[in-house]
Amino acid sequence: MKTKLLLAALLLSLTRAFAAEPTRYVDAATLTIIGKALPTARPYDRIDTSVYAVPEKTEAYCGYSTGIAIVFRTDSKTIRARWNTSGRNAGVNMSAATQKGLDLYIMRDGRWVFAGVGHPRTGGKNDKHEAAIVSDMAEGEKLCLLYLPLFDRVDRLEIGIDDGSAIAAAENPFRRKIIFHGSSITHGAAAGRAGMSYPSLFGRRTGLHAVNLGFSGMSTLQPEFAAYLADIDDADAFVFDTFSNPDAKTIEERFDRFVDIIRAKHPRTPLIFMQTIRRETRNFSTRAEQFEARKQSAAERAVRERMKRDKNIFFIDSADWLGDDHAATSDGTHPTDLGFDRMLRHMQPRIVKILKRYGIE
């Protein structure tokens, strides 16, 4: 009997030793929120639609937390999260982790290093989530960067740390403000995780504060978007992926007015227009080939014509960005993490070179 009691006591002791530390949760809105162009009433919205008129069918997208991240310091060995999103299911070309998940990076030796994913709940009523993002870390304070979901809104977010550990807001580790506006490619439709869209990758690799204003399927040079962009007084530069969604006729009709609206408030701010990538859906479809070729031709013609009278507008060609091995997209259109990496290897040096001309480093 005594032996059984001793064994039971030993098992209880071991269970307690290996049990997770009690968790204390803090409201992420009390920490540092980055990745927003302008303030919003709801902490994780991108555009406040009670203040700004937005194009038809884009209001829900304005509430997505795309590119928004929380910056904080903690000495906790474990980082958890509880968060609420909408209950809708993931899209056909993205994972649940991309749409609703969290993506954590920790600064180590001057670089942002991937630390873990906050996996969302899937199946059933999938609007409330809770997950351990990383655990069993070494002691010491860590600077953390937690990206929010790419394709859903966040109604509430709490970050969990070991009880007795500290957590505090940290200063924005990124400098300047570079606005990326465009299509589902900018939005990050087929990225593997929330922090893997190309604007977020650009930000971590350059140290520049990249703001993601990608609107999947909805970026067609609308004047409402131009008016919103014009109001971002502290934007150091704009990078545009605005030729992916509109057809050639729309580009020809809207481009100059789009630029005029922005130029009224940003007369000398660099406007960098990127050619849309060559879609692999063109490989065998003659209809797609003709449509895309006309669109690309119209885009380049419009920008280069404007460049003749505006020395602060730039055009970056997208030739060969995705390679020729047919391995860089999820569906012939949307780049995967591999595709985004290849894109950045071409675009990043050219964007950085332009920015340096304006003292933006």
Next item on the list: List the steps, then state whether ring-ring contact (aromatic ring centres under 6.0 Å, His included) holds for Phe273 with Phe255.
Entry: CA-CA 11 Å; Phe273 286 90; Phe255 178 76; 5.1 Å; yes
Margin query: When you group the ILVMFWY residues by side-chain heavy-atom contacts below 4.5 Å and let the links chain together, are Met196 and Val134 in the same group?
Written below: no
Check: Hey, mind stepping through Arg279 and Thr276 against side chain to side chain donor-acceptor pair (under 3.5 Å) and telling me if it holds?
Finding: CA-CA 8 Å; Arg279 286 161 166 72; Thr276 184; 3.0 Å; yes
Item checked: Gap separating the OH atom of Tyr44 from the CD1 atom of Ile70, nearest 0.5 angstrom -> 5.0 Å
Check: Taking the side chain as C-beta and beyond, is there a heavy-atom pair between Pro223 and Phe258 under 4.5 Å?
Finding: no
Margin query: Within the 4.5 Å heavy-atom criterion, are Ile68 and Ile33 side-chain neighbours or not?
Written below: yes
Next item on the list: Would you mind reporting whether Ile179 and Lys177 have side-chain heavy atoms less than 4.5 Å apart?
Entry: yes
Next item on the list: In plain terms, say whether Glu292 and Arg278 are close enough for a salt bridge, that is, a side-chain N and a carboxylate O under 4.0 Å apart.
Entry: no
Check: Among pairs that include at least one residue of residues 309-320, which meet side-chain hydrogen bond (donor to acceptor under 3.5 Å, both in side chains), considering only residues two or more places apart or in two chains?
Finding: Asp256-Arg309, Arg263-Asp310, Asn312-Tyr358
Check: Does Asp136 CG have over 12 foreign heavy atoms under 6.0 Å away?
Finding: no
Next item on the list: Assign the ring pair His209 / Phe174 to parallel, tilted or perpendicular, where the plane angle (0 to 90°) is split at 30° and 60°.
Entry: parallel
Checklist line | Where Thr23 and Gly160 come nearest, the two heavy atoms and their spacing | finding: CG2-CA, 3.7 Å
Next item on the list: Could you label the plane-to-plane angle of the His346 and Trp321 rings as parallel, tilted or perpendicular, counting under 30° as parallel and over 60° as perpendicular?
Entry: parallel
Check: Which is it for Asp45 and Arg153 under the salt bridge (charged side-chain N to carboxylate O under 4.0 Å, His left out) test, yes or no, and what are the steps along the way?
Finding: CA-CA 7 Å; Asp45 286 2; Arg153 69 174 193 259; over 6 Å; no
Next item on the list: Indicate yes or no: does Glu253 engage Lys249 in a salt bridge with an N to O separation below 4.0 Å.
Entry: yes
Check: Does the distance from a Lys or Arg side-chain N to an Asp or Glu carboxylate O, for Lys125 and Asp127, drop under 4.0 Å?
Finding: yes
Notebook entry, point to check: Can you tell me if Thr206 uses its side chain to pair, donor with acceptor, with the backbone of Phe202 under 3.5 Å?
Noted result: yes
Margin query: Using only atom types and a distance under 3.5 Å, with no angle test, would you say the side chain of Gln222 pairs donor to acceptor with the backbone of Met218?
Written below: yes
Checklist line | Salt bridge present between Lys295 and Asp247 (N-O < 4.0 angstrom) | finding: no
Notebook entry, point to check: Can you name the one residue among Ile159, Val71, Thr74 that meets side chain to side chain contact (heavy atoms under 4.5 Å, CB included) with Leu31?
Noted result: Ile159
Checklist line | Spacing of CG belonging to Asn84 relative to NE2 belonging to His129, to within rounding of 0.5 Å | finding: 7.0 Å
Margin query: Please report the interatomic distance OG(Ser183) to NE2(His334), rounded to the nearest 0.5 Å.
Written below: 7.0 Å
Check: His119 side chain to Glu130 main-chain N or O, any donor-acceptor pair under 3.5 Å?
Finding: no
Notebook entry, point to check: Just checking, Arg82 and Tyr25: is the charged tip under 6.0 Å from the six-membered ring centre and within 45° of the axis?
Noted result: yes
Notebook entry, point to check: Counting only heavy atoms not in Arg205, do more than 12 sit closer than 6.0 Å to its CZ atom?
Noted result: yes
Checklist line | Minimum-distance pair of heavy atoms, taken over all atoms of Val154 and Ser65 | finding: CG2-OG, 3.5 Å
Next item on the list: State, with a plain yes or no, whether a side-chain heavy atom of Ile47 is found less than 4.5 Å away from one of Thr40.
Entry: no
Notebook entry, point to check: Should we count CZ of Arg257 as having more than 12 external heavy atoms under 6.0 Å?
Noted result: no
Notebook entry, point to check: Per the side chain to side chain contact (heavy atoms under 4.5 Å, CB included) rule, which among Thr66, Asn212, Leu213 passes with Thr186?
Noted result: Asn212
Check: Is it true that atom CD of Glu361 has more than 12 heavy atoms of other residues, nucleotides or ligands lying nearer than 6.0 Å?
Finding: yes
Item checked: Euclidean distance, Arg342 CZ relative to Ile277 CD1, rounded to 0.5 Å -> 12.0 Å
Note to self: Is the shortest side-chain heavy-atom distance between Leu229 and Phe238 below 4.5 Å?
What the structure shows: yes
Notebook entry, point to check: Under the salt bridge (charged side-chain N to carboxylate O under 4.0 Å, His left out) criterion, do Lys77 and Asp162 qualify, and how do the steps go?
Noted result: CA-CA 7 Å; Lys77 296 181 180 180; Asp162 299 332; over 6 Å; no
Note to self: Can you give me the closest heavy-atom contact between Leu102 and Ala81, atom names plus distance?
What the structure shows: CD1-CB, 3.5 Å
Check: Hey, does Leu104 have a side-chain heavy atom less than 4.5 Å from the side chain of Val117?
Finding: no
Checklist line | Main-chain N/O of Arg176 paired with Asp236 side-chain donor or acceptor, under 3.5 Å | finding: no
Margin query: With rounding to the nearest 0.5 angstrom, report the CG to CG distance, Asp341 to Asp337.
Written below: 9.0 Å
Note to self: With a 6.0 Å cut-off (strictly less than), is the heavy-atom count around CZ of Arg304, excluding the residue itself, greater than 12?
What the structure shows: yes
Note to self: Less than 4.0 angstrom from a charged side-chain N to a carboxylate O is my criterion; do Lys142 and Asp75 meet it?
What the structure shows: no
Next item on the list: Give the C-alpha distance, both sets of side-chain angles, the deciding distance and a yes or no for side chain to side chain donor-acceptor pair (under 3.5 Å) between Arg204 and Tyr147.
Entry: CA-CA 12 Å; Arg204 292 199 301 278; Tyr147 288 96; 3.2 Å; yes
Notebook entry, point to check: Can you name the one residue among Phe151, Phe180, Phe340 that meets ring-ring contact (aromatic ring centres under 6.0 Å, His included) with His187?
Noted result: Phe151
Margin query: Between Ile232 and Tyr52, is there shared hydrophobic-cluster membership here, with clusters defined by ILVMFWY side-chain heavy atoms closer than 4.5 Å?
Written below: yes
Checklist line | Nearest-0.5 Å distance that lies between atom CD in Glu141 and atom CE in Met107 | finding: 13.0 Å
Next item on the list: Following the transitive rule for hydrophobic clusters with a side-chain heavy-atom cut-off under 4.5 Å over Ile, Leu, Val, Met, Phe, Trp and Tyr, establish whether Trp112 and Ile79 coincide in one cluster.
Entry: no
Checklist line | Phe225 and Phe215: CA distance, side-chain angles, deciding distance, ring-ring contact (aromatic ring centres under 6.0 Å, His included) verdict | finding: CA-CA 10 Å; Phe225 278 148; Phe215 288 83; 4.5 Å; yes
Next item on the list: Return yes when atom CG of Asp324 has more than 12 non-hydrogen atoms of other residues, nucleotides or ligands closer than 6.0 Å, and no otherwise.
Entry: no
Next item on the list: Take Glu158 and Arg156 through the salt bridge (charged side-chain N to carboxylate O under 4.0 Å, His left out) test and state the conclusion after the steps.
Entry: CA-CA 7 Å; Glu158 295 177 303; Arg156 180 182 67 92; 2.4 Å; yes
Next item on the list: Please check if the side chain of Arg42 supplies one atom and the backbone of Gly63 the other of a donor-acceptor pair under 3.5 Å.
Entry: no
Item checked: Sub-4.5 Å side-chain heavy-atom contact between Glu300 and Gln275 -> yes
Check: Can you check whether Thr242 reaches His181 side chain to side chain, under 4.5 Å on heavy atoms?
Finding: yes
Checklist line | Closest contact, heavy atoms only, Arg80 versus Ala132 | finding: NH1-CB, 3.3 Å
Notebook entry, point to check: Which is it for Thr30 and Asp27 under the side chain to side chain donor-acceptor pair (under 3.5 Å) test, yes or no, and what are the steps along the way?
Noted result: CA-CA 6 Å; Thr30 65; Asp27 184 352; 5.7 Å; no
